[in-house]
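The shown structure was predicted, so the numbers you read here are calculated from the model rather than taken from an experiment. In what follows, every chain begins at residue 1, and chains take the letters A, B, ... in the order their sequences are listed.
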Number of protein chains: 2
Amino acid sequence: MKPTIYDVAEKAGVSIATVSKVVNNTGRISDKTRNRVTEIMRELEYSPSSVAAALTGKKTFTIGVLVPDIANPFFAEVARALENHARETGYAIILCSTDYQREREQDYLELLLKKQVDGIILATEARDWKVFKKLLDKKIPLLMFSIDHPSFSSHVVTTDDVRGGYLAGRYLLDKGHRNFAVIAEVNRASGRLRLEGFKQSLADEEIVLDKDSVVYSKSRVEEAKEAAKQILTLKNRPTAVFASTDLIAAVFLNEARKHNVSIPGDISVIGFDNTIHAEIADPGLTTIAQPTDELARYAIHQLLKSIEKPNLSGHRIMLAPELVERYSVRDLN
Amino acid sequence: MKPTIYDVAEKAGVSIATVSKVVNNTGRISDKTRNRVTEIMRELEYSPSSVAAALTGKKTFTIGVLVPDIANPFFAEVARALENHARETGYAIILCSTDYQREREQDYLELLLKKQVDGIILATEARDWKVFKKLLDKKIPLLMFSIDHPSFSSHVVTTDDVRGGYLAGRYLLDKGHRNFAVIAEVNRASGRLRLEGFKQSLADEEIVLDKDSVVYSKSRVEEAKEAAKQILTLKNRPTAVFASTDLIAAVFLNEARKHNVSIPGDISVIGFDNTIHAEIADPGLTTIAQPTDELARYAIHQLLKSIEKPNLSGHRIMLAPELVERYSVRDLN
DNA sequence: ATATTTTAGTTAAGCGCTTTCTTTAAAAGA
DNA sequence: TCTTTTAAAGAAAGCGCTTAACTAAAATAT
């Protein structure tokens with residue numbers, strides 16, 4: 001059987017309180033005893049049960065992370081980054097992929113509550129206000145990742161999506177483009193904001209997107225294909241397309257090729273996220289990079305902070321996106 | 001404060017044992033009491049602490065999953081599938097991405113031991129035999145996912161990689177190819193097995209791969225690029241390339257284009273995994289599909305079984321891969 | 001009507017820790 | 001030398017639950 005604190009205490013000839021103190025480095029312990037106890041712990045391969053510790057200490061050192069889809073490279077990278085930063089501070093992560101299903105989001109939140117996670121990072125759309133409110137009521141530290149809404153009182157960490165959309169538009173304008181189309185992720189606030197920013201850049205030049213040139217799509221292969229087709233069959237074909245996600249952009253690239261449309265010869269494309277898709281796409285995809293790792297670092301940092309001090313009011317942290325130039329945009333000048 | 005079992009018991013006028021029994025559906029409880037207690041639980045929004053339950057009941061209903069890299073689409077899909085099947089049975093998953101670092105693998109395993117996970121699914125290379133042995137000593141149910149080694153006494157669930165490689169080779173042969181090259185993942189047993197199977201198919205026709213036509217690469221963009229270049233600059237250029245991973249294949253596609261080599265016109269390519277990369281690649285990548293979801297189902301199923309009965313000896317389950325035809329292979333007949 | 005079995009629920013111990021409060025013993029001060 | 005201070009360790013309660021053992025009441029059998 002796994003050795004417990006009692007085994008260590010007995011063998012070291014001290015009380016369990018003493019062992020606990022050397023494990024947690026609290027209280028006053030003489031070097032002599034500390035060393036002895038440490039030695040015995042090593043001998044016995046003692047590893048304290050964090051379950052028991054959680055029951056008394058009130059902390060599980062676990063945080064729950066909800067993402068819509070871990071198979072989406074952006075979230076995969078987010079997950080990895082979060083996990084990394086969490087591990088550094090001794091926290092483990094329970095990863096929950098909701099598959100965009102509201103019900104599953106529910107289930108997972110309940111699971112996390114039962115498990116008494118110390119905090120939750122929500123990167124899903126949290127569409128169910130009641131559930132959401134319940135979380136706040138339970139006073140469980142909450143952080144919204146990559147989504148935002150004025151109603152949120154919790155911490156929020158996002159990329160500055162509006163600015164990202166703006167950057168994309170500005171870049172295309174600078175390259176001489178004047179005729180645009182957009183494929184935007186309908187089901188995420190971030191998608192809407194990116195579109196918003198894009199429009200604002202066009203507004204600088206008094207260009208207005210006409211209705212047909214804005215197509216909605218989720219960040220999934222099948223839907224993106226449909227959206228791409230719609231754009232490719234537009235009577236008034238754009239010279240540049242802004243896709244609110246690299247995945248959507250990558251799919252567009254393929255569809256274009258099927259339609260014998262050359263990229264960037266006939267149509268320029270710009271994406272968003274800077275995931276592996278942008279790197280692997282052909283041609284390499286010019287895109288707006290999210291500072292994934294930094295986002296994750298801030299997120300963990302903020303969350304841990306509000307675990308310490310639960311009543312901190314929610315800050316909004318918006319990190320700057322950056323344009324990464326590759327080969328999918330043609331210079332018309 | 002979160003209500004406890006005491007609050008429910010008191011309000012319902014029963015003992016905590018009774019409440020526990022209705023929560024877990026154990027023992028004999030009259031419908032009348034059951035209903036009353038259930039009602040009160042709802043009223044109080046009582047949610048039992050799985051921490052406390054774990055301390056007594058000896059089960060945390062959590063399983064640890066170690067993958068080398070969650071940003072690799074294959075593992076992302078594996079993670080999602082595992083999570084899904086785990087959730088169905090009330091288990092949560094702690095996801096650990098080791099980033100191919102042995103040390104991190106260590107750290108995570110220790111973390112998981114502290115957290116008293118009920119079982120561990122290992123999809124990393126587990127190169128450190130000592131650590132591995134320690135796990136077995138601790139009698140923690142262990143399942144090797146997508147990796148294998150004769151020394152493993154635990155359960156193993158993998159795709160039949162040798163057969164997969166064989167299928168790839170057979171397919172290319174049938175399409176009239178006789179001159180091959182391979183890019184194989186050096187750091188995974190599965191990569192070696194796939195190569196092995198591929199070679200066996202060639203052996204049927206008494207074809208032998210010469211040394212230069214086998215290039216090793218990890219499943220990462222940078223390295224795959226290098227490997228692709230090596231193959232593309234071979235004096236004796238192959239008509240078909242087998243890549244032991246879709247990611248590697250996708251990168252090869254790009255590099256080929258940069259070298260003005262047409263796919264499948266000049267070189268045919270076949271991948272492995274059938275991840276999103278195969279779908280998005282241009283041309284669509286013909287590949288050997290792993291039955292990811294089924295693998296995950298078996299894995300969870302087996303693991304739960306050996307959680308129930310810890311001394312079950314380790315079975316080896318090898319699921320059949322399947323060829324998915326797309327457009328990256330040319331028929332030379 | 002009494003003895004026996006079944007049913008419904010209770011008591012209490014214990015899981016492996018943390019933490020507050022005490023106690024003990026040694027060092028310091030008077 | 002005796003008291004006071006301080007450093008080091010221990011005792012014990014309690015975290016929220018499960019479960020084995022037990023009891024009282026109800027149902028059934030004799």
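Taking 3.5 Å as the limit, the base of D:dC15 and the side chain of B:Tyr6 contain no donor-acceptor pair of atoms between them. Not a single donor-acceptor pair, N or O on each side, falls under 3.5 Å between the base of D:dG16 and the side chain of A:Lys58.
Backbone-only contact: B:Ser30 has heavy atoms under 4.0 Å from sugar-phosphate atoms and none from a base. A:Val23 comes within 4.0 angstrom of nothing in the nucleic acid, heavy atoms only. Residue contacts for A:Thr33: at a heavy-atom cut-off of 4.0 Å it reaches the sugar-phosphate backbone alone, with no base atom in range. Using a 4.0 Å heavy-atom distance criterion, B:Thr4 is classed as a sugar-phosphate-only contact. When heavy atoms are screened at a 4.0 angstrom cut-off, B:Ile29 is found touching the sugar-phosphate backbone but no base atom. At the heavy-atom level, B:Thr18 lies under 4.0 Å from base atoms of the strands shown.
With rounding to whole Å, A:Ile5 atom CD1 is found 13 Å from C:dC15 atom C1'. The CG-P distance, from A:Asn25 to C:dT19, rounds to 13 Å in whole Å. Taking atom NZ of A:Lys32 as the reference point, atom P of D:dA8 lies 11 Å away to the nearest angstrom. Atom CD of A:Gln116 is separated from atom P of C:dC17 by 18 Å (rounded to the nearest Å). We find that CG of A:Asp31 is positioned 14 Å from P of D:dA7, with the value rounded to whole Å. For A:Glu10 and D:dA9, the CD to P distance is 18 Å, given to the nearest whole Å. Across the protein-nucleic acid pair, B:Lys115 atom NZ and C:dG16 atom C1' stand 15 Å apart, rounded to whole Å. To the nearest angstrom, P of D:dT18 lies 4 Å from CG of B:Asn24.
Contact check, A:Ser49 against C:dG16: no side-chain N or O comes under 4.0 Å of OP1 or OP2. For D:dT18, one of the phosphate oxygens OP1 or OP2 lies less than 4.0 angstrom from a side-chain nitrogen or oxygen of B:Ser20.
A donor-acceptor pair shorter than 3.5 Å can be found between the side chains of B:Thr62 and A:Lys115.
Ion pairing between B:Lys218 and B:Asp99 fails under the 4.0 Å rule for side-chain N and carboxylate O.
Residue B:Ser15 has its side chain nearest to C:dT11 when only D:dG14, C:dT11, C:dC15 are considered. The side chain of A:Arg28 approaches D:dA8 more closely than any other nucleotide in the set C:dT10, D:dA8, D:dC15. Here the nucleotide nearest the side chain of A:Ala17, chosen from D:dT18, D:dA9, D:dG10, is D:dG10. Closest to the side chain of B:Lys21, out of D:dC17, C:dC17, D:dA21, is D:dA21.
In this structure, B:Ser146 and B:Arg188 have side chains that are in contact, with non-hydrogen atoms separated by less than 4.5 Å.
B:Thr98 pairs in a side chain to side chain contact (heavy atoms under 4.5 Å, CB included) with only one of the listed residues (B:Glu105, B:Glu125, B:Glu103), which is B:Glu105.
Mapping B:Gly13 and A:Ser47 onto DNA chain C by nearest heavy atom places B:Gly13 closer to the 5' end of the strand.
Side chain of A:Arg80 to main chain of B:Ile70: no donor-acceptor pair is present (N/O by atom type, distance under 3.5 Å, no hydrogens or angles). Looking at B:Glu83, its side chain does come within 3.5 Å of a backbone N or O of A:Ser97 through a donor-acceptor pair.
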